[in-house]
Amino acid sequence: MNEKLRPCEVSGEKAYFHRWVDKSEVVRPSMMAGGHNGGVISATLALVEFEDGRVEECYPHRIVFKDRVGVQK
């Protein structure tokens, strides 16, 4: 494993953090009278690699970085 990747846990499963990614999706306007006008939904996600080789995007609140344990502020 590349030593430059940050070790982390995603929902308790060991993984390695690769980078942050920005995702967006266009939402079409509602066809209902008085419905929403549509727009864009966007979010920042993490790209992580699990020990079994799976690569997934996940929300930041699911990640615990393990290389920061015991660091004083």
- [ ] Could you walk me through whether Phe50 and Glu56 pass side chain to side chain contact (heavy atoms under 4.5 Å, CB included), step by step?
- [x] CA-CA 8 Å; Phe50 293 94; Glu56 294 183 10; 3.7 Å; yes
Task: Steps toward side chain to side chain contact (heavy atoms under 4.5 Å, CB included) verdict (Glu57, Val21) - done: CA-CA 8 Å; Glu57 295 170 336; Val21 294; 4.2 Å; yes
TODO: Quick one: pull up CG in Leu45 and OH in Tyr59 and give me the separation to the nearest 0.5 Å.
DONE: 5.5 Å
Task: Spacing of CD belonging to Glu9 relative to CZ belonging to Arg62, to within rounding of 0.5 Å - done: 12.0 Å
Task: Gap separating the CG atom of Asp67 from the CZ atom of Arg6, nearest 0.5 angstrom - done: 4.0 Å
TODO: Hey, could you give me the SG/NZ distance between Cys8 and Lys66, rounded to the nearest 0.5 Å?
DONE: 9.5 Å
Task: Gap between atom CD of Glu49 and atom CG of Leu5 - 0.5 Å precision - done: 7.0 Å
Open item on the list: Please determine whether residues Trp20 and Val10 belong to a single hydrophobic cluster, defined as Ile, Leu, Val, Met, Phe, Trp and Tyr linked transitively by side-chain heavy-atom distances below 4.5 Å.
Closed with: yes
Task: Cluster check Phe65, Val48: I/L/V/M/F/W/Y, side chain < 4.5 angstrom - done: yes
Task: Heavy-atom pair of closest approach, residues Ser24 and Val40 - done: CB-CG1, 3.9 Å
Open item on the list: Please evaluate residues Cys58 and Ile63 with respect to the criterion side chain to side chain contact (heavy atoms under 4.5 Å, CB included), reporting the C-alpha separation (whole Å), side-chain torsions for both, the decisive distance (0.1 Å), and the verdict.
Closed with: CA-CA 8 Å; Cys58 67; Ile63 300 172; 3.8 Å; yes
Open item on the list: So that I can tick it off, tell me whether Arg54 and Glu13 are bridged by a salt bridge, with the cut-off set at under 4.0 angstrom between side-chain N and carboxylate O.
Closed with: yes
